[in-house]
Amino acid sequence: MSEFLAELIGTMILVILGVGVVAGVELKKSKAEGAGWVLVSLAWGLAVTMGVYASGNVSDAHLNPAVTLGFASIGEFPWAKVPAYISGQLIGAVIGAVIVFFQYLPHWRETKDKAAKLGVFATGPAVRSYPANLVSEIIGTFVLVMGLLFIGANEFTEGLNPAIVGLLIVAIGMSLGGPTGYAINPARDLGPRIAHAILPIIGKGDSDWRYALIPIAGPIIGGVYGAIFYHAFFDGSMGAGFWIVSAVVLIILAAAFINEQHRDKHAIS
């Protein structure tokens, strides 16, 4: 099996199980309807675990463009392979979302809420504030990539690493997922959002392309910074790239804070 196909299949499995649990919780007359955030976080962790088990022996199971770009940015992954990996991840995410559509076929008709239907496929902010939403995705993916590097630096019983990665996803979901639904993966959001746009879903609304850049840019910035931060402090390689990306992240944090202060003043007045 090629690395491209391994990333495609691994990401497809991740999305089938991850998007699938959101469908089960959000769509009307599903037996899991209303089961809540804890179930979603646990299932997403298991979804990642199974995706990693599926493809890890072939491609090391990145399943996420932010992981691929983060590892490439510190020399842990060859740049020449990046396009094939990201292409496989995005295609796999689209296919996985289409499969979920068919799994819940009669439930789209029963569900009248357009936002709930979109929420099955794509992430969205609990409070729409683009600078703050961007920060949330940066922080979540920063923790993800640093966590993956922490896990890789330790020895576990053979075959246990995917389960530990799954627990990391659960922890991020429960602790940091509330503001935006924690995409922390551009393919996980963009692929299903494309599926939502093209599928003949009964009574669907738009695909909220205004927001779509946030779960792409935020994870990429956070993933690259998580890798560079780890490389700087744990491998002792604090080069110019670390300071440049640190400055970019600080500017984004400051812009988000100023924007919220501005919104607060308007709310008070």
Side-chain angles (χ1 to χ4, degrees), residues 18-19 21-23 25-26 34 36-41 44 64-67 69-70 93 97 113-147 168-197 204-229 244-269:
V19 170
V21 71
V22 182
V25 169
E26 292 292 333
W37 188 250
V38 173
L39 178 66
V40 170
S41 297
W44 267 107
N64 183 341
V67 172
L69 291 169
D113 187 342
K114 296 178 180 179
K117 292 177 183 179
L118 174 60
V120 169
F121 293 92
T123 62
V127 177
R128 191 170 292 258
S129 176
Y130 293 146
N133 303 150
L134 181 66
V135 166
S136 293
E137 288 293 334
I138 289 172
I139 292 172
T141 318
F142 173 85
V143 173
L144 169 65
V145 172
M146 278 241 294
L168 172 63
I169 300 300
V170 173
I172 293 171
M174 290 184 173
S175 301
L176 305 175
T180 61
Y182 76 122
I184 60 173
N185 181 341
R188 170 267 172 274
D189 188 90
L190 180 58
R193 196 181 297 269
I194 291 171
H196 176 272
K204 71 175 179 180
D206 67 55
S207 300
D208 195 12
W209 292 107
R210 294 169 299 172
Y211 180 75
L213 183 61
I214 299 297
I216 295 173
I220 290 173
I221 295 168
V224 169
Y225 191 47
I228 290 175
F229 189 94
I244 292 170
V245 180
S246 294
V248 170
V249 171
L250 285 173
I251 290 168
I252 293 170
L253 291 172
F257 179 77
I258 292 168
N259 182 66
E260 290 307 305
Q261 293 291 103
H262 183 70
R263 284 162 63 101
D264 288 344
K265 289 180 180 177
H266 275 277
I268 293 171
S269 61

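What you see is a predicted model, and the numbers here were worked out from it, not measured in a lab. Just so you know, residue 1 is the first one in the sequence shown, and it goes up from there.
Across all non-hydrogen atoms, the minimal contact from P219 to P186 is CB-CD, 3.6 Å. Residues H196 and K204 approach most closely at O-NZ, 2.5 Å, considering heavy atoms. In this structure, Y225 and S246 approach most closely via the heavy-atom pair OH-OG, 2.9 Å. Scanning both residues, P215 and A183, for their nearest heavy atoms gives CB-CB, 3.6 Å. Residues L168 and L144 share a closest heavy-atom pair of CD2-O, 3.6 Å. Here the shortest heavy-atom pairing between V135 and A256 reads CG2-CB, 3.6 Å.
Using a 4.5 Å cut-off on side-chain heavy atoms (C-beta onward), T123 and R188 make contact. Looking at heavy atoms from C-beta onward, I184 lies out of side-chain contact with L176 at the 4.5 angstrom threshold. Between R128 and D208, some side-chain heavy-atom pair lies under the 4.5 Å cut-off. D189 places none of its side-chain heavy atoms less than 4.5 Å from the side chain of I216. For the pair V22/W44, a side-chain contact is recorded, criterion being any heavy-atom separation below 4.5 Å from C-beta on. Looking at heavy atoms from C-beta onward, I169 lies in side-chain contact with Y182 at the 4.5 angstrom threshold.
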Step-by-step side-chain contact (heavy atoms from CB on, under 4.5 Å) determination, R263 to V127: CA-CA 12 Å; R263 284 162 63 101; V127 177; 4.0 Å; yes
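Inspection of the T180 and N133 side chains reveals no N or O donor paired with an N or O acceptor under 3.5 Å.
Y130 and Y211 have tilted rings, their planes meeting at an angle from 30° to 60° on a 0 to 90° scale.
The backbone N or O of W209 sits nowhere less than 3.5 Å from a side-chain atom of R193 that would complete a donor-acceptor pair. Using modelled atom types, no side-chain atom of E137 and backbone atom of I214 make a donor-acceptor pair closer than 3.5 Å.
Between the CD1 atom in I172 and the CD1 atom in I139 there is a gap of 12.0 Å [rounded to 0.5 Å]. Atom CG of residue L69 and atom CD1 of residue I221 lie 11.5 Å apart, to the nearest 0.5 angstrom.
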